[in-house]
**Q** 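First the structure, then my questions, so here it is.
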Amino acid sequence: MRKFSWLLFLLVLAKTNSLSAQESSIYTSKLKEFDRAVSLYKDNQYASAQYLFEKVKATTQNEETRSDCTYYDASCAVRLGHANADVLMESFLETYPTSSKSNQAYTEVAHYYFNQGNYKEALRWFEKTDESQLSAKDKDRFNFQKGYSLFNSNDKKEASKYFNKVLNSETYGPQAKYYMGFMAYEGDNYQEANKYFDQVATDEKYAEKLSYYQADMSFKSGNFEKAIEQGQKAMAKSTPAEKSELNKIIGESYFNLKKYNEAIPYLVAYKGKRGKWNNTDYYQLGYAYYKQNDYENAIAQFNKIIGGKDGVAQNAYYHLGESYLKLNQKQQALNAFKNASEMAFDAAIQEDAYLNYAKLSYELGNSYQSVPSVLLGFINKYPNNPNRSVVEKLLIDSYISSKNYKEALTLLEKNKSPENRLAYQKVTFYRGLELYTDRDYDTALQMFQKSLANTSDAQFTARATFWKGETEYVLNDYNKSLLSFKQFVGMAAAASTPEYKNSSYNVAYAYFKLKEYDAAGDAFQKFIDKVKDDKVRITDAYLRLADCRFVTSKYWPAMDAYNKVIELKSVDADYAYYQKALCYGFVSRNDRKIEDLNIFIQNYPKSSYRDDALFELGNTYVATDKQDSALKTYDKLIAEYKTGAFTSRAILRQGLVYYNSDRSSEALMKFKKVAAEYPKTPEALEAVATARLIYVDSGKVGEYATWVKTLDFVAVTDADLDNDTFESAMKQFDQNNTTQAISGFRAYISSFPNGIHALKANFYLAQAYFAEGQKDKAVPNYEYVVNEPRNEFTEQSLTRLGQILLSGSSKEKAIPVLLRLENEADLYQNKVFAQSNLMKCYYEKKDFSNAVVYADKVLSNPKTDDNVKSDAQIIIARSAMQTGDESKAKAAYAKVLPIAKGELAAEALYYDAYFKNKEGKFEASNTSVQKLAKSYATYRYYGAKGLVLMAKNFYGLKDSFQATYILDSVIQNFSDYPDVVAEAQTELSAIKAEEAKTNSSVR
């Protein structure tokens, strides 16, 4: 047993020794491969070394060897630039955190990321490295790369610490000095920058870059000559981006040396930052052109400055204004000076810009604010300006020239100094004319009276007197009107006024309205004798002269005057012919009267006097005992005018003809027809009275009583009380005791609602209410009259009722009344009144087709005056705009323009500019807008819209500054017109979006 055991032990021992020897041999072999790999690694044969390291790591059991292999494997990957080098190294550090090669690994990873350009990640690994463990060679590399990584991270202070450590390094020193110089350059420490740059200036690697920086530093140091020299030297070897910047440096250096001609080509060659120029860039090039008197190119640059709110912009806008003035583009200059005057960066420029703005506002007009307020603003802001006296004179003149009388008056009311007395007289006069044109007669009269209270200029005193009379005439105060006209004629200065020519005509009409017909006729004759070139007024004067002679029973002179009207082929020729026929009757020439009436009926079939003529012809036949002709004529009248004013009278006359011919039954038929179809009219009352005679004569009083009971307007037993009550009220009315008359008519209507005089009572009560200003109360009484069969009061009641309803809140109610008036009116004035107001009512209710129909009717009437014609053309134009028919609108506005006044003229002028803009006629459009600003500044709404048009025109003319500045001003100054502001904002946004493509200053 023991021997066996010992033998076994020896066998085991032998086996163990054999295995140990084997393992030592393997280990020694692997160690040789590892050493060989390290040798290859040191010989920079990284690919071969990496292969062996990976092979050893895969087979060795020695942990230290595996750790080293893992490190070298990753290090080879780093040096070979493998994509997974960072992963391998990080894996090593994670697996062997206590390895002696950890610090070296941190450095390797940092260098790897640095070489990849990932400086942020490199910096993270550099921070983990223990610098004390690095060799001198490795320290230089570490310090430079960490310094550069810090530089790249914009930590210039820390970067400079590491660069400083390698300034003397043969390898890294030049680079470190370059970056130290660059950091000093960026920090505007040009002395320090030059110190470092000079140390590397001989190194070709940096020479090209340094020339650019040195040129820039010379420029920024104010050494412009040297900047030009260095910049030109650097130009040839620079990149396109650097060349752009060098052009800027050289161009701006020449600019600062006031060598503008030399500056221009360099400033033009500058490409801008990221392809965009800023406001300063545009200003410098623009100013260089300006100094060379090249104003067109100066303007082209200055007007690209958009949204500038600094000293550069103020300077640019001022010189832009001067450039425009040099080219006589005054409207553009006004806008530029206005902009410069609103900036306070340079007080001297601001003051001079304001002065130019004020002068140009006076000359051209101003849509932004009234010219007087601009001039006053300058005087108040710069009381010591040497041009103050000039501006004060312009201020006085501007009150008149700007035609902005409303605002001018407001300013003058606050400053009633003696030197402004003349201006106040003129402004109140012109404001009165403006209000008269706008039909605000009461306020116009007040203005003329104020003008007359300041009699500084005899001519304006005379003119104010005339227009005071004209206004009093329109207000139906004919006595005062006549007095004013007479005072005017008696003034020495009157003969030199434009109003004097027609003064006799106005005097004549005042007499005419006062029913002083002899004096009126003489005045009309005086006008005819004096004036030869006013066909319209001369014809009308002959007509009124004839009427005056007719009324005063001077029939032969009346006929002479009527013949003149006929010879002149006036629109009133039909009336004159009819009146002449009547005259023959009054001079006992009934045969000639009958002849002329028949000719009239034949020659004027559409005359509004045709029914008058038929009625008068019938009456004349009766007077000359031609009963059958009379009856036929009355039948013709009744057949043609079933609802006419003479129809009831014609039937009554037929009854009277039958009655006087003892044809009682036929007479009764006619009388009963009048009573049944025209109750409560005077004709009905006369028919009943005459029928009573027939019944009494025939002894049929009972039949009469039975018939009368069917008539609700005849109460036989109350007749006396009825008559007395009405006559009492009528007496008060005739004596102008309106209050008492109202009380009397109301009492009558209350007591006799269907009385004999019910129609008249309702009419005269309505008239009394109207005269007292109680128009709403008059409505039911006028309605009573118009709802009765056609009578002598129908037309006047329809007219008054139309007036009242038109002045109320619901004008639509007036339409049916006006339609009746149009169809039933005998007086052409009432027909025109109906048609013109139907036109307006239909327009207001957006019934554009009917509005145009009535506008055409108004225009077709030769008697329509200019104010109504302009209203009609405006309605046509506005309706066409609403329905999208701009061609028709354009034609209508073109017809309005020559005849319109006041706000309608402003509207027409705006659309004149609008259509020119649409046609691309931008300059012509601007001319119309300028006229709008100068002549119609009072109408701010159209002024504001005109400015938006002007902005569009300027943008169409490639003038961005003018366009954007005007739109900005509209937005700031016209907030009371939100629709205009909204349009301006839309246009401004579109322009700025387009301009932002080339100007980095645009926001």
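Everything numeric here is computed off the predicted structure, so don't read it as measured data. Computation of the quantities below employed the complete heavy-atom set of this structure, encompassing side-chain atoms and omitting hydrogens, waters and symmetry-equivalent molecules.
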**Q** Rounded to the nearest 0.5 Å, what separates atom CD1 in Ile228 from atom CG in Leu257?
**A** 5.0 Å
**Q** Does the plane of the ring in Tyr910 sit parallel, tilted or perpendicular to the ring in Tyr942? Use 30° and 60° as the thresholds.
**A** tilted
**Q** Decide yes or no for Met235 and Ile250: does some side-chain heavy atom of the first lie under 4.5 Å from some side-chain heavy atom of the second?
**A** yes
**Q** On a heavy-atom basis, which atom in Val970 and which in Val948 lie closest, and how many Å separate them?
**A**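 Minimum heavy-atom separation between Val970 and Val948: CG1-CG2, 4.1 Å.
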**Q** Taking side chain as C-beta onward, heavy atoms only, is Leu360 less than 4.5 Å from Tyr324?
**A**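 Not in contact.
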**Q** Between the main-chain N or O of Ser370 and the side-chain N or O of Ser373, is there a donor-acceptor pair closer than 3.5 Å?
**A** yes
**Q** Can you check whether Ala913's main-chain N or O pairs, donor with acceptor, with Asn917's side chain at less than 3.5 Å?
**A**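 No; zero donor-acceptor contacts below 3.5 Å.
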**Q** Can Asp281 and Lys248 be said to form a side-chain contact (heavy atoms from CB on, under 4.5 Å), step by step?
**A** CA-CA 9 Å; Asp281 301 329; Lys248 179 65 172 171; 2.8 Å; yes
**Q** Rounded to the nearest 0.5 Å, how far does CG of Leu320 lie from CZ of Phe302?
**A**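 It is 7.0 Å, given to the nearest 0.5 Å.
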**Q** Scan for salt bridge (Lys or Arg N to Asp or Glu O under 4.0 Å) pairs involving residues 349-364, sequence neighbours excluded, and state none if there are none.
**A**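 Listed by first then second residue: Lys330-Glu363.
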**Q** Sub-3.5 Å donor-acceptor pair from the side chain of Ser928 to the main-chain atoms of Asp912, do we have one?
**A**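 Judged by distance alone, no pair lies under 3.5 Å.
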**Q** Please answer whether the main-chain N or O of Gly311 pairs with a side-chain N or O of Asn315 as donor and acceptor at a distance below 3.5 Å.
**A** no
**Q** Heavy atoms only: give me the nearest Gln332-Asp959 pair and the separation to one decimal.
**A**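 Shortest heavy-atom separation between Gln332 and Asp959 comes out as CG-OD2, 4.2 Å.
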**Q** Where the side chain of Ser341 meets the backbone of Tyr354, is there a donor-acceptor pair that is under 3.5 Å apart?
**A**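 Such a contact is absent between Ser341 side chain and Tyr354 backbone.
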**Q** Under the side-chain hydrogen bond (donor to acceptor under 3.5 Å, both in side chains) rule, what pairs show up with a residue in residues 251-261, not counting sequence neighbours?
**A**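 For residues 251-261, and leaving out neighbouring residues, the side-chain hydrogen bond (donor to acceptor under 3.5 Å, both in side chains) pairs sorted by first residue read Glu252-Gln284.
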**Q** Would you call Tyr368 and Val374 a side-chain contact if the rule is heavy atoms closer than 4.5 Å?
**A**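 Heavy-atom side-chain distance check fails, nothing below 4.5 Å.
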**Q** Grab the two heavy atoms, one from Asn335 and one from Tyr965, that are nearest each other, plus how far apart they are.
**A** O-CE2, 3.2 Å
**Q** Please give me the minimum heavy-atom distance between Ile379 and Val391, naming the atom from each residue.
**A**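 Distance-wise, the nearest heavy atoms are CG1-CG1, 3.8 Å.
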**Q** Would you check, one step at a time, whether the test side-chain contact (heavy atoms from CB on, under 4.5 Å) holds for Gln350 with Lys381?
**A** CA-CA 11 Å; Gln350 184 181 28; Lys381 188 168 184 178; 3.3 Å; yes
**Q** Are any non-hydrogen side-chain atoms of Lys120 and Asn118 less than 4.5 angstrom apart?
**A**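 Yes, close enough: below the 4.5 Å cut-off.
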**Q** Looking at Lys992 and Glu987, is there a salt bridge between them, counting it only when a charged N and a carboxylate O are closer than 4.0 Å?
**A** no
**Q** Output yes when a side-chain donor or acceptor of Ser925 lies under 3.5 Å from a complementary backbone atom of Lys921, and no otherwise.
**A**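 Checked: no pair found.
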**Q** Would you name the heavy atoms of Pro372 and Leu395 that are closest together and state the gap between them?
**A**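 The pair with the smallest heavy-atom distance is O-CD1, 3.5 Å.
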**Q** Could you tell me if the side chain of Phe922 sits less than 4.5 Å from the side chain of Tyr955, heavy atoms only?
**A**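 No, side chains not in contact.
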**Q** List the steps and the verdict of salt bridge (Lys or Arg N to Asp or Glu O under 4.0 Å) for Lys273 and Glu245.
**A** CA-CA 9 Å; Lys273 301 289 185 185; Glu245 292 298 323; 3.1 Å; yes
**Q** Mind running side-chain contact (heavy atoms from CB on, under 4.5 Å) on Trp277 and Leu285 for me, showing each step along the way?
**A** CA-CA 11 Å; Trp277 281 28; Leu285 181 55; 3.7 Å; yes
**Q** Determine which pairs satisfy salt bridge (Lys or Arg N to Asp or Glu O under 4.0 Å) with at least one residue from residues 335-344, sequence neighbours left out, and list them in order.
**A**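 Of all non-adjacent pairs touching residues 335-344, those that pass salt bridge (Lys or Arg N to Asp or Glu O under 4.0 Å) are Lys338-Glu342.
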**Q** Does Tyr977 reach the side chain of Lys945, with side-chain heavy atoms less than 4.5 Å apart?
**A** no
**Q** Calculate, to the nearest 0.5 Å, the distance between atoms CG and CG belonging to Leu325 and Asn356 respectively.
**A**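 The CG atom of Leu325 sits 6.0 Å away from the CG atom of Asn356.
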**Q** Quick one, Lys243 and Thr239 - any side-chain contact, counting heavy atoms below 4.5 Å?
**A**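 Not touching, per the 4.5 Å side-chain cut-off.
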**Q** In Å and rounded to the nearest 0.5 Å, what is the CG to CG distance from Asn973 to Asp976?
**A**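 Reported to 0.5 Å precision, the distance equals 9.5 Å.
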**Q** Just wondering, are more than 12 heavy atoms of other shown residues or ligands nearer than 6.0 Å to CD in Glu923?
**A** no
**Q** Is the NZ or CZ atom of Lys304 positioned over Tyr282's six-membered ring, under 6.0 angstrom from the centre and within 45° of the axis?
**A**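 Judged by the rule, Lys304 and Tyr282 form no cation-pi pair.
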**Q** Measuring from Phe378:CZ to Leu355:CG, what's the distance to the nearest 0.5 Å?
**A**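 Answer for the CZ-CG pair, Phe378 versus Leu355, is 4.5 Å.
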**Q** Under 30°, 30 to 60°, or over 60°: which ring-plane class applies to Phe255 and Tyr287, parallel, tilted or perpendicular?
**A** perpendicular
**Q** For Lys393 and Arg388, run side-chain contact (heavy atoms from CB on, under 4.5 Å): C-alpha distance rounded to whole Å, both residues' side-chain angles, the deciding distance at 0.1 Å, then the answer.
**A** CA-CA 9 Å; Lys393 185 179 184 306; Arg388 176 178 175 137; over 6 Å; no
**Q** Where do Ser361 and Asn366 come nearest, in terms of heavy atoms and distance?
**A**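 So the minimum-distance heavy-atom pair works out to OG-ND2, 3.0 Å.
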**Q** Treating Ser975 as the side-chain partner and Ile971 as the backbone partner, does any N or O pair qualify as donor plus acceptor under 3.5 Å?
**A** no
**Q** Can you confirm whether the side chains of Tyr914 and Glu919 place a donor and an acceptor under 3.5 Å from each other?
**A** no
**Q** Please round to the nearest 0.5 Å and tell me the distance separating atom CZ of Phe142 and atom CG of Asp130.
**A** 9.0 Å
**Q** Only one of Tyr317, Tyr290, Tyr295 passes side chain to side chain donor-acceptor pair (under 3.5 Å) with Glu322; say which it is.
**A** Tyr290
**Q** Do Gln329 and Gln962 have side chains that approach each other closer than 4.5 Å (heavy atoms only, starting at C-beta)?
**A**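 The answer is no; the side chains never approach within 4.5 Å.
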**Q** We want to know whether Asp346 and Gln314 form a side-chain donor-acceptor pair, criterion being a heavy-atom distance below 3.5 angstrom.
**A** no
